[in-house]
Amino acid sequence: MEEAYKLKFLDYLHVVKNASAHTIRNYGLDLNAFQTYAKEVPLKEVDKKVIRGYLAHLNLKQATKRTILRRLSSLRSFFKYLLKENLLPHNPIDEIQ
């Protein structure tokens, strides 16, 4: 995951969405966790398979359902932002239910 995209997104949350420092910190932590998992995958190549693998990875680490849902929500917002800014051609989260 490109660090610049992540930083732009976190700035967007602060400036445009007026998110709290707590919310921005948690989004950053969630994106860092995904970045660690998918470090070898360029952002434009993230697809349903990568995201499902990440969710399975969280499950194997015995993350709570609440944590998994929050991380998925963070990714959903991040990819939605990237699509809106024309930084990605598609939103891979749209393929996940």
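What you are looking at is a predicted structure, and each value in this text was computed from that prediction instead of being measured.
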Report task. Tell me, with the steps shown, if L43 and F79 meet side-chain contact (heavy atoms from CB on, under 4.5 Å). Result -> CA-CA 10 Å; L43 193 57; F79 283 112; 3.8 Å; yes
Take L72 and Y54, measure what side-chain contact (heavy atoms from CB on, under 4.5 Å) needs, and give me the verdict at the end.
-> CA-CA 10 Å; L72 186 58; Y54 177 60; over 6 Å; no
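- For the residue pair N26 and H22, a side-chain donor N or O sits within less than 3.5 Å of a side-chain acceptor on the partner.
- For the residue pair V50 and Y37, the shortest heavy atom distance occurs at O-CE2, 3.7 Å.
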Counting only pairs under 3.5 Å, give me each side-chain donor-acceptor contact of residues 57-64, with atom names and distances, residues two or more places apart or in other chains.
residue	atom	partner	partner atom	Å
T64	OG1	T67	N	3.1
T64	OG1	T67	OG1	2.9

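- For T23, the side chain to side chain contact (heavy atoms under 4.5 Å, CB included) criterion is met by A19, S20, Y27, not counting sequence neighbours.
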Between F78 and F34, does a side-chain contact (heavy atoms from CB on, under 4.5 Å) hold up when you go through it step by step? CA-CA 11 Å; F78 177 63; F34 179 72; over 6 Å; no
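- For E45, the side chain to side chain contact (heavy atoms under 4.5 Å, CB included) criterion is met by V41, P42, not counting sequence neighbours.
- In this structure, the separation between CG on L31 and OG on S77 is 9.0 Å, given to the nearest 0.5 Å.
- Residue pairs that meet the salt bridge (charged side-chain N to carboxylate O under 4.0 Å, His left out) test with at least one member in residues 7-35, sequence neighbours left out, are D30-R70, D30-R71.
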Determine all donor-acceptor pairs shorter than 3.5 Å in which one atom belongs to a side chain in residues 81-95; sequence neighbours excluded.
residue	atom	partner	partner atom	Å
N91	OD1	I93	N	2.9

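- Expressed to the nearest 0.5 Å, how far NE2 of H14 lies from CZ of F9 amounts to 14.0 Å.
- In terms of modelled atom types and a separation under 3.5 Å, the side chain of T36 and the main chain of N32 share a donor-acceptor contact.
- Criterion: ILVMFWY side-chain heavy atoms under 4.5 Å apart, direct or through other members. Under it, I96 and L75 are part of a common hydrophobic cluster.
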